[in-house]
Amino acid sequence: MEINVSQQLKAPIGAIRNYDVDEAVEIAGSASRVQGKVRLTRTHRSILVKGTLHTETEVTCSRCLSLFAYPLTLNIEEEYFPTTDVVTGASLPLTDEPGCFTIDEHHILDLTEAIQQYVLLAIPMKPLCRQDCAGLCPNCGHNLNLGPCHCPPQQTDHRWSELNKLAFISDMKRWKETE
Ligand SMILES: [Zn+2]
Ligand SMILES: [Zn+2]
C-alpha cells in the first residue's frame, strides 16, 4: 500500500493529507482487503501517519480448531522518516529511532509492513469462533458445535455425582436442623 509523499515533504510543517484506504494487503500469506482512513501530517522530521483501518484475517479457533474469519481494527500511529531530501536529492542520515519506518528514495511511503505488524498484535492469543464454542470431544475429537458425539458422557456423570453429593449433604443438614 504505497503513497507518494513528495508533495507533502515539500509542504510546510503541519500540512495534512487525508487518504481513503481500500486495498488488498498480504496478511498471513493471503491477500486481505484493508479499508479505512489515514491522515498524513508533515512534521519537522517526518510524515506522521494516523488512522483506523479495518480488515479480517483467517485464524484457528483455540477450542474447536476450525478456521474462521476474524475481524480486526487497526489503530495505526507511525512516523515515517525520509531517506532522501525531496529538494536536493541528497541522502539523509537515518534516524536512530529503533524500528522506525522510512520513506524510500522515490518518496514512496509504504504502509504494508506497518499493517502486517499491527495485524499480528491485534490477533488474540486464544481466538474463539464464537463465545460459546463447544470445542472438541476430548475422547473422539468430534466437533461438538456440530452436535453431540456417541461417547459415553463420563465427565458429565462425574459432575452430576458431585452435585448429588452436595445436594445430599445439604438435605441431611436441613433434616438435622428441622429435627
Ligand atoms: Zn470454535
Ligand atoms: Zn466423543
Side-chain angles (χ1 to χ4, degrees), residues 1-3 17-41 47-81 97-104 108-176:
M1 183 177 299
E2 299 180 341
I3 301 172
R17 282 171 77 188
N18 293 307
Y19 285 89
D20 288 324
V21 174
D22 187 355
E23 274 187 62
V25 174
E26 175 145 334
I27 293 170
S30 64
S32 299
R33 191 174 180 188
V34 177
Q35 291 175 293
K37 290 179 190 300
V38 288
R39 165 172 288 198
L40 275 53
T41 307
I47 300 280
L48 175 66
V49 180
K50 272 180 98 163
T52 303
L53 300 175
H54 303 277
T55 186
E56 58 179 38
T57 187
E58 219 169 46
V59 297
T60 305
C61 175
S62 60
R63 257 185 226 163
C64 71
L65 307 181
S66 62
L67 278 173
F68 66 102
Y70 189 87
L72 298 169
T73 299
L74 314 174
N75 292 310
I76 304 249
E77 182 169 346
E78 288 296 335
E79 244 183 309
Y80 283 76
F81 294 88
E97 299 261 323
C100 75
F101 292 105
T102 52
I103 300 164
D104 76 4
I108 300 295
L109 184 160
D110 189 352
L111 285 175
T112 307
E113 200 184 328
I115 289 171
Q116 289 167 340
Q117 288 184 10
Y118 277 77
V119 164
L120 287 180
L121 291 173
I123 295 175
M125 296 290 282
K126 292 189 172 178
L128 288 179
C129 63
R130 53 186 214 218
Q131 279 308 309
D132 60 346
C133 170
L136 302 177
C137 168
N139 209 21
C140 70
H142 174 77
N143 185 343
L144 297 172
N145 294 315
L146 306 173
C149 58
H150 300 295
C151 292
Q154 300 158 337
Q155 284 192 329
T156 325
D157 273 357
H158 176 68
R159 241 182 302 165
W160 276 116
S161 68
E162 287 297 316
L163 275 178
N164 285 340
K165 224 184 284 171
L166 285 174
F168 177 70
I169 291 168
S170 69
D171 274 344
M172 286 289 287
K173 275 186 188 156
R174 219 175 299 148
W175 180 66
K176 275 187 178 167

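First listed ligand is number 1; within each ligand, the first listed atom is number 1. Starting from 1, each residue takes its place in the sequence as its number.
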request  = Say whether, by atom type as modelled, one donor and one acceptor occur between the side chain of His142 and the main chain of Gly147 under 3.5 angstrom.
outcome  = yes
message = To the nearest 0.5 Å, what is the distance between CG on Leu111 and OH on Tyr80?
response = 4.5 Å
Contact check, side chains of Gln35 and Arg33, non-hydrogen atoms, under 4.5 Å = yes
request  = Identify the heavy atoms of Thr60 and Pro127 that sit nearest to each other, and give their distance.
outcome  = O-CG, 3.5 Å
ask   = At the Zn ion (ligand 1), what's the angle from Cys64 SG to Cys61 SG, rounded to 10 degrees?
value = 110°
message = With heavy-atom distances below 4.5 Å as the criterion, would you say the side chains of Leu48 and Leu40 are in contact?
response = no
request  = Sort by chain and number the protein N/O/S atoms that are closer than 2.8 Å to the Zn ion (ligand 2), and list them.
outcome  = Cys137 SG, Cys140 SG, Cys149 SG, Cys151 SG
task = Can you run down the ring-ring contact (aromatic ring centres under 6.0 Å, His included) pairs that involve residues 47-76, sequence neighbours left out, and say none if there aren't any?
result = none
